[in-house]
Each structure stands twice: as structure tokens, then as C-alpha cells.
S.K.: 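Can you keep this structure in mind? I'll have questions shortly.
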Amino acid sequence: MSWNANYELSYGATGIVDYLDALGAHLSPGVEGRAARQVAWGAIAEHERKLTERLLGFLRSRPDVRIIGRTDADARVPTISFVHERRRSSEIVTAVDPHGIGIRFGHFYAIRLIVDLDLTDRDGVVRVSMVHYNSLDEVDRLIAVLEPILDGIPGG
């Protein structure tokens, strides 16, 4: 059996340094090389922390939601999984989908974890994945859509 290289990933990786250099130079004009990449990484990390905190803050405020993993934005990446005590994860995602917001549900290849957490009857977890090119406005829009759904309001 032969294995083929992932050419898309390999070729795409060649642009990472250029992207970080350009972002760092945009954020701090005149900065180049490693310093530009450090500026970019710092800005990305801070923005992703803000995105994460915005959503986690909303989820922490709800006694009917269980966040899977750490609840502190400083201690995690901006991919958040949660379950609701009354609604299945599939119901939540199905209700969000018509709003054009891409969140998903399931086990995400961590079947044993979902079983160990006793979440199979919940259809796994709801997962929200954010990255540095998402905006706080997008997170606020997700929260505005999620709130009535989690409250069980018809049509929500």
C-alpha cells in the first residue's frame, strides 16, 4: 500500500509565513520577519481569546448548559463544545442552521469520550469553532440565535 502526500496541505503550508508576515506588518508597520510573526501570533491569540470569552460568558450564564472542558477563555482554544439539559445537540444545531451559522453536533471522532461523559443520548455535543477571522459581531449573532433556542421558545 502506498500513501500519497496531502498536496493541498503541503502547498498551503508554504503561505503561512507570508500570511503571518503580512498580518504582522499590517498591525505594526515597519516590523518584519520574526518580529512581524510574533505580532501576528499575539494579535491572533488575543482576538481568539475575546471570541472565546464572549461565547463562554453566555454559556456560563445559563444553568441549563454544560460546557465540556475548561470554562476559562485563557485556558482553551476557540472551539467550544456544550450540551443542553433539555434539548438534544442535534435539535439545537438543526434550529441554528436556517440562520446561516455553521455549528455542528456529534462525537467528532471522540466516541469513547462521549460514551464516558454519558452524552450519547444527547447526540453528542454541540460544537462551535471560531478562528481569528471571525468577528465579535458574529459571536453576538450566534448568541442572539442560540438564546431563544436554548430557552425552548417555539420557532427559536
S.K.: Answer yes or no: is there a donor N or O on one side and an acceptor on the other, between the side chain of Arg87 and the main chain of Ile149, under 3.5 Å?
M.R.: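 Pair found, side chain donor or acceptor close to backbone of Ile149.
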S.K.: Side chains of Met130 and Thr79: does their closest heavy-atom pair fall under 4.5 Å?
M.R.: no
S.K.: Hey, is the main chain of Leu150 close enough, under 3.5 Å, to the side chain of His84 for a donor-acceptor pair?
M.R.: yes
S.K.: Could you give the distance from CG (Leu117) to OG (Ser81), rounded to the nearest 0.5 Å?
M.R.: 10.0 Å
S.K.: For Arg66, what residues pass the side chain to side chain donor-acceptor pair (under 3.5 Å) criterion, not counting sequence neighbours?
M.R.: none
S.K.: Which heavy-atom pair separates Thr52 from Glu48 by the least distance, and what is that distance?
M.R.: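 Minimum heavy-atom contact is OG1-O, 2.8 Å.
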S.K.: Please round to the nearest 0.5 Å and tell me the distance separating atom CZ of Arg141 and atom CD1 of Ile101.
M.R.: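 Answer for the CZ-CD1 pair, Arg141 versus Ile101, is 4.0 Å.
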S.K.: Show which residues join Leu9 in its hydrophobic cluster (side-chain heavy-atom contacts under 4.5 Å, direct or indirect), or state none.
M.R.: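 Joined to Leu9, directly or through intermediates: none.
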S.K.: Do Ile68 and Leu119 come within less than 4.5 Å of each other through their side chains, counting heavy atoms only?
M.R.: yes
S.K.: What's the spacing between Tyr133 OH and Leu23 CG if we round to 0.5 Å?
M.R.: 13.5 Å
S.K.: Group every Ile, Leu, Val, Met, Phe, Trp and Tyr by side-chain heavy-atom contacts under 4.5 Å, then state whether Val128 and Val77 land in the same group.
M.R.: no
S.K.: Do Val145 and Leu136 belong together in a cluster built from hydrophobic side chains that touch within less than 4.5 Å?
M.R.: yes
S.K.: Quick one: are Glu147 and Phe58 in side-chain contact, heavy atoms under 4.5 Å?
M.R.: yes
S.K.: Has Ser89 got a side-chain atom pairing as donor or acceptor with Gly124's backbone, closer than 3.5 angstrom?
M.R.: yes
S.K.: Output all residues satisfying salt bridge (Lys or Arg N to Asp or Glu O under 4.0 Å) with Asp137, sequence neighbours left out; order by chain, then residue number.
M.R.: none
S.K.: Does Arg70, at its CZ atom, have more than 12 non-hydrogen atoms belonging to other residues, nucleotides or ligands within less than 6.0 Å?
M.R.: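 It does not: Arg70 CZ has 12 such atoms or fewer within range.
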S.K.: What closest approach, in Å, do Ala36 and Ala25 show between heavy atoms, and which atom pair accounts for it?
M.R.: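 Closest pair (atom of Ala36, atom of Ala25, distance): CB-N, 4.1 Å.
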S.K.: Taking the side chain as C-beta and beyond, is there a heavy-atom pair between Phe82 and Leu146 under 4.5 Å?
M.R.: yes
S.K.: Hey, is Arg60 close enough to Glu53 for a salt bridge, meaning N to O under 4.0 Å?
M.R.: yes
S.K.: Is Leu59 reachable from Val93 through a run of hydrophobic residues whose side-chain heavy atoms are each under 4.5 Å from the next?
M.R.: yes
S.K.: Please tell me whether Val125 and Ile103 are part of a single hydrophobic cluster in this structure, the criterion being side-chain heavy atoms less than 4.5 Å apart.
M.R.: no
S.K.: Enter the distance from Leu142:CG to Leu51:CG here, rounded to the nearest 0.5 Å.
M.R.: 11.0 Å
S.K.: Is it true that a side-chain atom of Glu138 and a backbone atom of Ser135 form a donor plus acceptor pair closer than 3.5 Å?
M.R.: yes
S.K.: In terms of hydrophobic clusters joined by side-chain contacts under 4.5 Å, are Val83 and Ile92 together?
M.R.: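 No: no chain of side-chain contacts under 4.5 Å links Val83 to Ile92.
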S.K.: Count the heavy atoms belonging to other residues, nucleotides or ligands that lie under 6.0 Å from CD of Glu32, then report whether that count exceeds 12.
M.R.: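 Atom CD in Glu32 is not crowded, with 12 or fewer foreign heavy atoms closer than 6.0 Å.
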S.K.: To the nearest 0.5 Å, how far apart are CG in Leu20 and CH2 in Trp41?
M.R.: 5.5 Å
S.K.: Enumerate the side chain to side chain donor-acceptor pair (under 3.5 Å) contacts for residues 110-126, please, sequence neighbours excluded, ordered by first and then second residue.
M.R.: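 Counting only pairs at least two positions apart or across chains, the side chain to side chain donor-acceptor pair (under 3.5 Å) contacts touching residues 110-126 are Arg88-Asp123, Ser90-Asp123.
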S.K.: Under the side chain to side chain donor-acceptor pair (under 3.5 Å) definition, can you give me all pairs with a residue in residues 12-23, not counting sequence neighbours?
M.R.: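 Residue pairs passing side chain to side chain donor-acceptor pair (under 3.5 Å), neighbours aside: Tyr19-His132, Asp21-Arg37.
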S.K.: Measure from the side-chain N and O atoms of Arg49 to the backbone N and O of Asp74, and report whether any donor-acceptor pair falls under 3.5 Å.
M.R.: no
S.K.: Donor-acceptor check, side chain of Asn134 to backbone of Val131, threshold 3.5 angstrom: yes or no?
M.R.: yes
S.K.: How long is the span from the CZ atom in Phe105 to the CZ atom in Arg127, to the nearest 0.5 Å?
M.R.: 12.0 Å
S.K.: Which heavy atom in Tyr109 sits nearest to a heavy atom in His107, and how many Å separate them?
M.R.: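 Smallest heavy-atom distance, with atoms named: N-ND1, 2.9 Å.
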S.K.: If we only count heavy atoms from C-beta on, is the Lys50 to Arg54 side-chain gap below 4.5 Å?
M.R.: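 The answer is no; the side chains never approach within 4.5 Å.
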S.K.: So, using salt bridge (Lys or Arg N to Asp or Glu O under 4.0 Å) as the criterion, who are the partners of Asp64 when residues are at least two apart?
M.R.: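 Once residues adjacent in sequence are excluded, the partners of Asp64 under the salt bridge (Lys or Arg N to Asp or Glu O under 4.0 Å) criterion are Arg62, Arg86.
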S.K.: Where the side chain of Ser28 meets the backbone of Val31, is there a donor-acceptor pair that is under 3.5 Å apart?
M.R.: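 Flag not set: sc Ser28 to bb Val31 has no pair under 3.5 Å.
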S.K.: For a quick test of reading the model, state the closest non-hydrogen atom pair linking Ala95 to Pro98 and the distance between them.
M.R.: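 Heavy atoms of Ala95 and Pro98 come nearest at O-CD, 3.4 Å.
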